[in-house]
Amino acid sequence: MTVARAPRLPDSSLDLPVTRLWGVGAESAKLFERLEIRTIGDLLWHLPRRYKDYRTALPLAAVRAGAEQTVEAVLGKIAQRRTRSGLLLTEAELLDADGTPSAVRASWFGKQFIAERFREGAVVRLAGKVAFQGRGLVFQQPAMEPAGAAAIHTGRMVPVYKLTEGLKEGQVRRFLHTAIEGEAGRASAVVGELPDLVPADTRARHGLPTIAQALAQVHFPNAPEDLFAARRALGFQELLVLQLALGQRRARWTRSAKAPVLHASDAQVAEWTRALPFSLTAAQVRSFGEVRGDLARTVPMSRLLQGDVGSGKTVVAALAVRIAVAAGAQAALMAPTELLAEQHFRSLRGLWQEDGPSLELLSSSTGAARKREILARLGDGSLDIIVGTHALVEDNVTFHRLGLSIVDEQHRFGVRQRATFREKGQDPHLLLTTATPIPQTLSQTLYRDLDVSVIDELPAGRQPIRTEVREPDALPKVWPWLRERVAAGEQAFIVCPRIGGDDDDDDDARGVAATEIARDLERGPLAGLRIGLLHGRLPAKERDERMRRFAAGQLDVLVATTVVEVGIDVPRATVMIVLSAERFGLATLHQLRGRVGRGDQRSFCVLVSAGAAESERLRAMTETKRGADGAAVPLDGFDLARRDLEIRGAGEFLGERQHGSNELRIVDFDDIDPRLLGDTGAEADRILADDPDLVLPDHARLAKAVGDLWDRYALA
Ligand code: ADP
Ligand code: MG
């Protein structure tokens, strides 16, 4: 028997293909596809990357060459002709409102319709770039609208969108205008169908517009203040969903509490600590205390251990492992790369005597037979600790009694593992480590499903890395100096912002691309040195291999992009040179600098940038503050993250974030508004206190959005 089924109708116009929007043809739809825009809803969420401010029309006499400007004028004579190259050229004289001729004209190439649609004497608004030409000024390819018509391309804050070849700026803007203002002669616009996820009472409490109003203002803002308010509303919705998701997850973790109690006596801990080759810093002692407290409970630990590069997170993790093993459980330590896994394996082995816990490294070079043996021992419980990459440990590994899982430098990933282990019926304590400085506001709210420990002090006796900011024309002096360092047995990193080579499509890549820099240095100023090249287009295996050779001292200089390993110890690397340093954020620069200064030699960081002297951001890298003992110490990762926010300020909010390029569409994580975080966090708590599983009708849409979020990131 066949069951008759009604065709599934879309819930709203938002789910219809873009071609159903007035004016959008199959041709445009194909181009939109390249921007991952398929439905009308997708189009509405294609947010402007910036705006041109064409609110104030200038008198023709005030028009200047160079800038983008807008005027209201009367069209004079319109002439069309073919240029020598066969292009159609339309030129129009422009007159003042009272008919006075001016020295300003407008010209267009290839726009047949201009002469068809506009007549001499028409009053129009024009907007675009102005250049000198002949004896006068010319608007080149300006947007033009009749003065009486709706302001879409001129006479307002005009949105600018990400495009793809073939898709024109004016077209996209017109389509969005239709989606938001409606088709001519129709009462409603599709934007009105956008559902509000944020419940009405929440919106009222925070003075938020509806999502339809907000989106309309984001595309076609009346004024910057309206844009600001609208973006806040979109950000609120987005963050609220995230906050709810995290809040729910945390509740779920704590509700089904069944992690093994991992307890060690004070005497044991004292003995392990005494056996370390150094004494712990106060921050390490405090963080370890927090971890130890968590391990002794049945609620599975979910802790993020934050600490600057070199602050000594590994030893805290190692002590936690020690507790787990002493309590009869197994522990897994996972690193983002094989090389880092090897390093952790070596440092754990170095910390413990022969009679310490049993420990194995699982890597892609582990032979099949050996791998089988290791897996068998994990399964029967005779192996205490396994170190490897995420992939290796996740892969059909069965633990006899996994008590503690540690994930190094990949906290997002680490959280996902909770689910993986759960599926296998295990609920280990989870410790995530990261050197990424996350400002407190962020960690308190965004990572509200995690507890956070901070190691905010470096072990004593570290030599500060001497940091200098230099113009590119200083490089001819830098290279001979670098040769001297190499002659003294030291090694150097040279970091470039781009990879370069054939598939690099960045026009500005020349001069800053690793492949070219490596070649030029090899032939020129660093001839004779052993130079390696490292970048993200190399297969992971090859990358590991080159990094390994550098670490083993078989290369003098490593020319690289930012793929240069986090957390790798190359004690003889004393020089970090960053080219076009202005292209990196402070956090990245700080991380890069942390690759040197890991041995006992004096280390250097040279930041090369044109206009270096004026860069407040780069200067922050050389600043110092008063340390605990009153001595000047460099700013740490947290200070720099804060400085970055201060310097860039809120002015960036008209910036270039595009959906797809980031996990969240609206909210820029590098530049988040702490108040928005606080507000959405409090609101999420309020909602969950009332309705922990989001089953109330008012919360149905939120529940769906939270579910989608889990699906999208496979987090749950
Ligand atoms: P990160 O926090 O970047 O992971 P590591 O754990 O790799 O840092 O530690 C960096 C280096 O500092 C290692 O060589 C480690 O042995 C050393 N170290 C860690 N803690 C201390 C300490 N309290 N005193 C001296 N050296 C320490
Ligand atoms: Mg580390």
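Nothing fancy with the numbering, it's 1 onward along the sequence. Numbering of ligands and ligand atoms starts at 1, following listing order. Values below: all heavy atoms of this structure, side chains included; hydrogens, waters and symmetry mates excluded. The model shown is predicted, which means the values in this text are computed figures rather than measured ones.
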Exercise. Does ligand 1 have any atom sitting under 4.0 Å from a heavy atom of Ser311?
Worked result: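 Under 4.0 Å: yes for Ser311.
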For this session: Could you tell me if any non-hydrogen atom of Asp308 lies under 4.0 Å from any atom of ligand 1?
Result: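 Asp308: in contact with ligand 1 (<4.0 Å).
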Exercise. Side chain, backbone, both or neither: which part of Thr314 has a heavy atom under 4.0 Å from ligand 1?
Worked result: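 Thr314 to ligand 1: contacts from backbone and side chain alike.
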Exercise. Taking non-hydrogen atoms only, is Ser279 closer than 4.0 angstrom to ligand 1 via side chain, backbone, both or neither?
Worked result: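 Within the 4.0 Å criterion, Ser279 contacts ligand 1 through backbone atoms alone.
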Exercise. Any idea which atoms of ligand 1 are less than 4.0 Å away from a heavy-atom of Thr281?
Worked result: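 It comes down to these atoms of ligand 1: 23 (N).
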Exercise. Counting each atom of ligand 1 from 1 as listed, which ones have a heavy atom of Val309 under 4.0 Å away?
Worked result: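 In order of numbering, the contacting atoms are 3 (O).
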If you measure from the Lys or Arg side-chain nitrogens to the Asp or Glu carboxylate oxygens, is any gap between [X] and [Y] under 4.0 Å?
X: Arg619; Y: Glu616; result: no
X: Arg548; Y: Glu545; result: yes
X: Asp556; Y: Arg485; result: no

For this session: Please work out which of Gln284, His344, Gln343 has its closest non-hydrogen atom nearest to atom 23 (N) of ligand 1.
Result: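 Looking at heavy atoms only, the winner is Gln284.
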Problem set entry | ligand 1 to Gly310 polar contact by distance, N or O atoms, under 3.5 Å |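 Gly310 vs ligand 1: N/O contact under 3.5 Å present.
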Exercise. Any N or O of Gly312 that comes nearer than 3.5 Å to an N or O of ligand 1?
Worked result: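 Between Gly312 and ligand 1 (N or O atoms, distance only) the closest approach is under 3.5 Å.
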Exercise. Is there a donor-acceptor contact under 3.5 Å linking the side chains of Arg593 and Thr467?
Worked result: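 Short answer, yes.
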Exercise. Among side-chain atoms of Glu290 and Ser453, is any donor-acceptor pair under 3.5 angstrom?
Worked result: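 Yes, a side-chain donor-acceptor pair sits under 3.5 Å.
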Exercise. Is the backbone N or O of Leu529 less than 3.5 Å from a side-chain atom of Arg483, with the two atoms forming a donor-acceptor pair by type?
Worked result: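 Side chain of Arg483 to backbone of Leu529, a donor-acceptor pair under 3.5 Å: no, none is there.
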Exercise. Take atom CG in Asp380; do more than 12 heavy atoms of anything else shown fall under 6.0 Å from it?
Worked result: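 Yes, CG of Asp380 has more than 12 neighbouring heavy atoms, counting only those of other groups under 6.0 Å.
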